[in-house]
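What follows is one structure encoded as structure tokens, with my remarks underneath.
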Amino acid sequence: MSKQVAIFLSGGGSNMRALVTSMSNDHPARPALVLSNRADAGGIAWAAGQGIATEVVDHRPFGPDRAAFETEIAARLMPYDIDIICLAGFMRVLTAGFVTQWQGRMINIHPSLLPRYRGLHTHARALAAGEREAGCTVHEVTTELDDGPILGQARVKVLPDDTPDSLAARVLAQEHLLYPAVLRRFAAGDRTPLYLP
Ligand code: GRF
């Protein structure tokens, strides 16, 4: 039986699309659900067009009550018998309560070479610091933000005329290679870190 994967996103979902497209033939996992906190997320429309189940849990009605928001997410996940959660541009911080329920079964992609540049605006910060290389990291999600065991990294050379946008575009292209490759291993029970190139 294939591992059932839920992908969480908040925006266009380019990583989600790469993951969904990769899960075919002898791949040990299948996309069971795409979930977003935003009804207008481009990734929701795309997934629905592909015939993949979607769920939207708007975080705004819950206000500061993150636990209530996550209780609703957990309830929406139940019918799908999810084995693995992939965070892919999901812009809500999950509390320890939710993370501990899924620790070891939830992974995330972050646009920096962790442990450097946790948090937001990673490319602008890397350029401001004069970094000569940047990249992305797939890691297991733990209660520490952008922490957790590293499952894969892809490195990108920083070019002299790079802007945050030009660097982000090159890193994103690597994300679309790294995340599917890591998910394939992870779904097969292999946590050996993968380094690209
Ligand atoms: C990317 O920078 C990714 O690293 C981060 O969210 C951003 C948007 O990803 N997790 P996507 O295009 O929505 O997949």
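Ligands are counted one by one from 1 in listed order, and the atoms in each one are counted from 1 as well. Since this is a predicted model, take the numbers as computed values, not measurements.
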Exercise. Less than 4.0 Å between a side-chain N and a carboxylate O, is that true for R92 and E70?
Worked result: no

Across all chains, not counting sequence neighbours, the salt bridge (Lys or Arg N to Asp or Glu O under 4.0 Å) partners of D161 are none

Show the distances, to 0.1 Å, for all pairs joining an N/O atom of ligand 1 and a protein N/O atom that are shorter than 3.5 Å, listing one pair per line.
from	atom 1	to	atom 2	distance (Å)
ligand 1	4 (O)	E175	OE1	2.9
ligand 1	4 (O)	E175	OE2	3.0
ligand 1	10 (N)	G89	N	3.4
ligand 1	10 (N)	I109	O	3.1
ligand 1	12 (O)	S14	N	3.3
ligand 1	12 (O)	S14	OG	2.6
ligand 1	13 (O)	G13	N	3.1
ligand 1	14 (O)	S14	N	3.2
ligand 1	14 (O)	S14	OG	3.4
ligand 1	14 (O)	N15	N	2.7
ligand 1	14 (O)	N15	ND2	3.1

Sorted by chain and residue number, the ring-ring contact (aromatic ring centres under 6.0 Å, His included) partners of F8 (sequence neighbours excluded) come out as F90

I'd like to know if the side chain of S36 reaches the main chain of L9, judged simply by a donor and an acceptor atom lying under 3.5 Å from each other, with no hydrogens or angles considered. yes

So the salt bridge (Lys or Arg N to Asp or Glu O under 4.0 Å) pairs with at least one residue in residues 168-177 (sequence neighbours excluded) are D162-R170

So, does R125 use its side chain to make a donor-acceptor pair with the main chain of L120 at under 3.5 Å? yes

